[in-house]
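Below you'll find the structure, written out as structure tokens, and then a few comments.
Not measured: the values here are computed from a predicted model. The chains referred to below are lettered A, B, ... by the order of the sequence lines, with proteins before strands, and numbering in each begins at 1.
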Number of protein chains: 2
Amino acid sequence: MRNLDETDLRILELLAEDARRPFSDISAEVDLSAPAVSDRIDRLREEGVIRRFTVDLDQSTLSGGTPVLVRLAVRPAFVDDVRDTLRDAEPVEHLFVSADGDVTFHARLGSDSIRAELHELLDLSTVRDYEVSLVESAEWTPTVNGTGFALECAECGNTVTSEGERARIGGTLYHFCCSSCLGRFEDRYDRLEAGAQASEN
Amino acid sequence: MRNLDETDLRILELLAEDARRPFSDISAEVDLSAPAVSDRIDRLREEGVIRRFTVDLDQSTLSGGTPVLVRLAVRPAFVDDVRDTLRDAEPVEHLFVSADGDVTFHARLGSDSIRAELHELLDLSTVRDYEVSLVESAEWTPTVNGTGFALECAECGNTVTSEGERARIGGTLYHFCCSSCLGRFEDRYDRLEAGAQASEN
DNA sequence: GTTGAAACGCAGACCTA
DNA sequence: TAGGTCTGCGTTTCAAC
């Protein structure tokens with residue numbers, strides 16, 4: 001697959017913040033035209049990078065069952081089966097499969113008998129052991145490339161908003177909250193580089 | 001807080017499927033005008049039910065660090081601290097706090113030393129024990145009220161699409177893929193009810 | 001809640017490098 | 001092949017009801 005460039009990543013960050021943001025809005029952020037942004041987003045969907053645009057709900061306000069976190073020690077031969085079953089199971093919201101065959105999932109179950117619901121959900125003979133705990137709070141923060149979208153100014157540490165600036169300095173892309181932070185950073189960088197060159201001689 | 005009605009839930013389901021769906025589209029689904037839908041969505045955001053519109057990314061295509069699932073047995077006094085710290089930590093994507101004080105989170109860490117990164121992330125003296133496992137696959141299915149948005153027809157089990165129907169029968173809301181399924185279900189329900197009344201006499 | 005009018009955003013056709 | 005511009009159409013918003 002084609003590599004994503006910085007513009008793609010920036011678009012994904014902006015969509016993670018607000019997926020309903022107009023393309024014209026995004027296009028201003030990334031210095032592109034609106035149709036160009038639309039094209040890139042189409043491509044990201046086709047490539048499977050974007051799975052869907054969706055909504056992050058505060059489930060605690062919805063009171064739809066008891067949220068539980070279940071950890072299954074699955075018999076190695078059945079890991080794929082169990083994953084596929086749980087993936088399509090209605091009450092399952094989050095599903096993690098670890099390299100060692102543990103399957104952890106977050107689901108909302110009817111409050112009656114959790115053990116009985118687990119039986120309905122999957123064949124417990126495929127499982128060596130399981131553990132259920134009630135979930136008090138569950139949160140989700142969409143991140144792009146592990147960096148999160150809450151960028152920090154490389155100069156002052158403040159949050160970088162839409163008014164921020166970006167610059168490639170010494171091969172690395174830095175984000176700044178404003179042009180003066182960018183200016184100060186560049187000055188410092190130039191001075192450091194001049195010092196390094198002086199010491200080389 | 002005001003209770004959500006069925007229309008609100010249906011709107012949330014539609015947004016969970018595709019958050020960029022036009023309001024006019026949603027309004028046709030729920031037999032309301034577009035401004036009415038817009039008003040309801042505004043209200044849902046204000047009430048905190050909708051936290052944000054966002055994008056579900058296939059992180060495996062983004063290769064941004066090593067995904068790990070970490071389970072912390074946190075000393076009871078520090079559970080809130082640890083939760084707040086992790087909530088705002090950049091690499092943390094999912095965060096679950098159980099009623100018994102276990103904190104489980106999913107994060108993408110630089111592949112060097114995971115132990116060192118954990119040290120940076122939180123004060124390990126607040127933790128009795130921890131366990132890290134590499135995550136092979138992580139998936140997320142947005143659900144509304146624990147039912148998920150992939151509704152099944154109560155009569156034939158097929159997936160209910162936009163062309164489906166809903167009906168409240170005997171106090172419960174059922175979903176159907178088409179009007180004939182609804183009709184058959186009602187017939188059966190009436191017959192069962194008649195039988196139950198007969199046996200009462 | 002609805003309706004209608006004005007502002008806005010979007011998709012497509014077409015053009016440029 | 002990626003992006004820019006223009007334009008018609010659909011969508012959103014806002015006021016009036």
### Global bending angle along the helix from dG1(C)-dC17(D) to dA17(C)-dT1(D), which compares the axes of five pairs at either end, to 10 degrees
30°
#### Entry: Whole-Å distance separating the CD1 atom of I41(B) from the P atom of dT11(D)
14 Å
### Query
Any sub-3.5 Å donor-acceptor pair from R52(B)'s side-chain atoms to A19(A)'s backbone N or O?
no
### Nucleotide dC17(D), atom P - distance to CG of D39(B) in whole Å
18 Å
#### Entry: Expected output: side-chain R20(B) to main-chain R21(A) donor-acceptor under 3.5 Å
yes
### Query
Should D80(B) and R83(B) count as an ion pair when the cut-off is N to O under 4.0 Å?
yes
### Query
When the distance from CD of E29(B) to C1' of dT11(D) is rounded to whole Å, what number comes out?
16 Å
### Message
Go through it in stages, so that I can follow the logic: the residues are D42(B) and R45(B), the test is salt bridge (charged side-chain N to carboxylate O under 4.0 Å, His left out), and I'd like the CA-CA distance, side-chain angles, deciding distance and then a yes or no.
### Response
CA-CA 5 Å; D42(B) 285 348; R45(B) 299 195 75 158; over 6 Å; no
### Query
In whole angstrom, what separates L32(A)'s CG from dC10(C)'s C1'?
16 Å
### F96(B)/H106(B) aromatic ring centres below 6.0 Å
no
### Distance in angstrom units between R43(A) CZ and dA11(C) P, rounded
15 Å
### Task
Check the pair L72(A), L122(A) against side-chain contact (heavy atoms from CB on, under 4.5 Å), reporting the backbone distance first and the verdict last.
CA-CA 11 Å; L72(A) 307 168; L122(A) 49 89; 3.7 Å; yes
### Task
Starting at atom CG of D42(A), determine the distance to atom C1' of dT1(D), rounded to an integer number of angstrom.
16 Å
#### Entry: Short side-chain to backbone donor-acceptor contact, T54(B) and A16(A), under 3.5 Å
yes
Pairs: protein N or O with nucleotides 12-14 of chain D N or O, under 3.5 Å:
residue : atom : partner : partner atom : Å
dT12(D) : OP1  : R20(A)  : NH2          : 3.4
dT12(D) : OP1  : F23(B)  : N            : 2.8
dT12(D) : OP2  : F23(B)  : N            : 2.9
dT12(D) : OP2  : S24(B)  : N            : 2.8
dT13(D) : OP2  : S38(B)  : OG           : 3.2

